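Note on naming: letters A, B, ... go to the chains in the order of the sequence lines (proteins, then strands), and numbering restarts at 1 for each one. Reckoned from all heavy atoms, side chains included, excluding hydrogens, waters and symmetry mates. Values in this document were obtained by computation on a predicted structure and should not be read as measured data.
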There are 2 protein chains.
Amino acid sequence: MVPAISGSAPLFAALGDRTRLQLVSRLCSGGPSSLANLSAGLPITRQAITKHLRAMERSGLVHSRRKGREMIWRLERRRLREARRYLEIVSAQWDSALARLRDFVED
Amino acid sequence: MVPAISGSAPLFAALGDRTRLQLVSRLCSGGPSSLANLSAGLPITRQAITKHLRAMERSGLVHSRRKGREMIWRLERRRLREARRYLEIVSAQWDSALARLRDFVED
DNA sequence: GCGAAATGCAACCAGAAAGTTGCCTAATCG
DNA sequence: CGATTAGGCAACTTTCTGGTTGCATTTCGC
């Protein structure tokens, strides 16, 4: 009954890395940004950042657009909402009286 | 601005696997359950399930308790709420007028 | 007490992932 | 035009991960 298991796993996987969460944070608070901009300050190479961004792109979490010689990346709000919704549903279900009853019974 | 990056990554990583999401689903809708019970029906070995559960336990997503000869696992609601909250904050921040402004400016 | 059930532990394996280095291409700005 | 800046591609290393098999241990039911 919990929804869309198959589709949600890659999305959470995309969030499940410290560096990628930092990128999400930057993209979130700073808006769309170029690769050079994103990799500035982070302790790893630009190529590694590219790999992370492409991985996130494959899971739909982020989107890229060429602009001249630079690559602009931005967060994909829709996908983020999906992840949030998944957790909301799981939480809600867990919070239900039925779950609590079974918890008690099987204890 | 976005909170608790360091702590959130392992949590999302724990959710970022199809099998583990299935376990979350089972634990969520069925309440606490034994290892044998959880591994029944899944196409992988019991040992693999154990590894997944222990991984989830390390990230605080799940909790185990011995009961006679069986091991009872249950979801940790608190941790699930944390993940949800993280996404809510990121989403909210992204949705803010400031983010949209920067989106426009840097476009 | 004995057999079956539920689990733990350790070694092992293949493939994915995170990161690097080296070099190449395409815009941009003096 | 020439130098610089932004980025792409490919090969390679190391470590992590998901999964396996084999065997030992504890506990339950009869």
Side-chain angles (χ1 to χ4, degrees), chain A residues 5-27 30-74 106-107, chain B residues 5-27 30-74 106-107:
Chain A
I5 287 177
S6 23
S8 299
L11 179 51
F12 286 121
L15 290 169
D17 177 276
R18 185 188 171 77
T19 303
R20 286 203 285 263
L21 272 191
Q22 287 181 302
L23 292 173
V24 166
S25 171
R26 287 198 174 197
L27 285 174
S33 176
S34 73
L35 175 58
N37 208 323
L38 287 171
S39 56
L42 292 185
I44 59 181
T45 58
R46 170 182 55 85
Q47 285 86 340
I49 305 281
T50 299
K51 282 195 183 178
H52 279 300
L53 288 169
R54 291 212 189 287
M56 292 196 279
E57 189 171 39
R58 273 194 300 277
S59 81
L61 189 59
V62 107
H63 178 261
S64 69
R65 212 191 66 233
R66 186 117 224 160
K67 180 185 166 191
R69 67 177 157 180
E70 42 186 20
M71 203 67 173
I72 306 290
W73 296 85
R74 66 172 160 79
E106 298 199 36
D107 225 4
Chain B
I5 286 178
S6 22
S8 299
L11 179 51
F12 286 121
L15 291 168
D17 177 277
R18 184 189 171 78
T19 302
R20 287 204 282 263
L21 273 192
Q22 286 181 303
L23 291 173
V24 166
S25 171
R26 286 198 175 195
L27 286 174
S33 175
S34 74
L35 175 58
N37 207 324
L38 287 171
S39 55
L42 291 185
I44 58 180
T45 57
R46 172 183 54 84
Q47 284 85 341
I49 306 281
T50 299
K51 282 195 182 178
H52 280 300
L53 288 168
R54 289 213 189 287
M56 291 196 279
E57 189 172 38
R58 273 194 299 277
S59 82
L61 188 60
V62 109
H63 178 261
S64 68
R65 211 191 66 233
R66 186 116 224 159
K67 180 186 168 192
R69 66 177 156 180
E70 42 185 21
M71 204 67 172
I72 306 289
W73 296 85
R74 66 172 161 78
E106 297 202 37
D107 225 4

- Step-by-step side-chain contact (heavy atoms from CB on, under 4.5 Å) determination, B:V62 to B:V24: CA-CA 9 Å; B:V62 109; B:V24 166; over 6 Å; no

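- Taking every nucleotide of DNA chain C with any atom under 4.0 Å from a non-hydrogen atom of chain A, the first and last of them, 5' to 3', are C:dA18 to C:dT28.
- Taking both residues in full, the closest heavy atoms of A:R69 and A:R66 are given as O-NH2, 3.5 Å, listed atom of the first, atom of the second, then distance.
- Across all strands, A:A36 comes closer than 4.0 Å only to sugar-phosphate atoms, never to a base (heavy-atom distances).
- First and last contacting nucleotides of DNA chain D toward chain B (any atom under 4.0 angstrom from a heavy atom, 5' to 3' order): D:dG18 to D:dC28.
- Not one N or O on the side chain of A:R20 forms a donor-acceptor pair closer than 3.5 Å with the backbone of A:L15.
- Residues B:A55 and A:R69 both approach DNA chain D. Their nearest nucleotides, taken by heavy-atom distance, put A:R69 toward the 5′ side.
- Of the possible polar contacts, one joining the B:E57 side chain to the B:S64 backbone as a donor-acceptor pair under 3.5 Å is found.
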- Run the side-chain contact (heavy atoms from CB on, under 4.5 Å) check on B:W73 and B:M56 step by step: do they pass? CA-CA 11 Å; B:W73 296 85; B:M56 291 196 279; over 6 Å; no

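- Nearest heavy-atom pair across A:L21 and B:A9 is CD1-N, 3.5 Å.
- Rotation axes derived from the C1' atoms of the five outermost pairs at either end of the helix from C:dG1-D:dC30 to C:dG30-D:dC1 lie 30° apart, to the nearest 10°.
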- Worked verdict on B:L35 versus B:I72 for side-chain contact (heavy atoms from CB on, under 4.5 Å): CA-CA 7 Å; B:L35 175 58; B:I72 306 289; over 6 Å; no

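- Summary of the strand contacts: A:G16 and B:R46 both lie near DNA chain C, and taking for each the nucleotide with the nearest heavy atom, the more 5' one is attributed to B:R46.
- Atom CZ of residue B:R74 and atom CG of residue B:L27 lie 10.5 Å apart, to the nearest 0.5 angstrom.
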- Decide yes or no on side-chain contact (heavy atoms from CB on, under 4.5 Å) for B:L38 and B:R26, but give the supporting numbers first. CA-CA 7 Å; B:L38 287 171; B:R26 286 198 175 195; 4.0 Å; yes

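- Across B:I49 and B:S39, no two heavy atoms sit closer than the pair CG1-CB, 3.7 Å.
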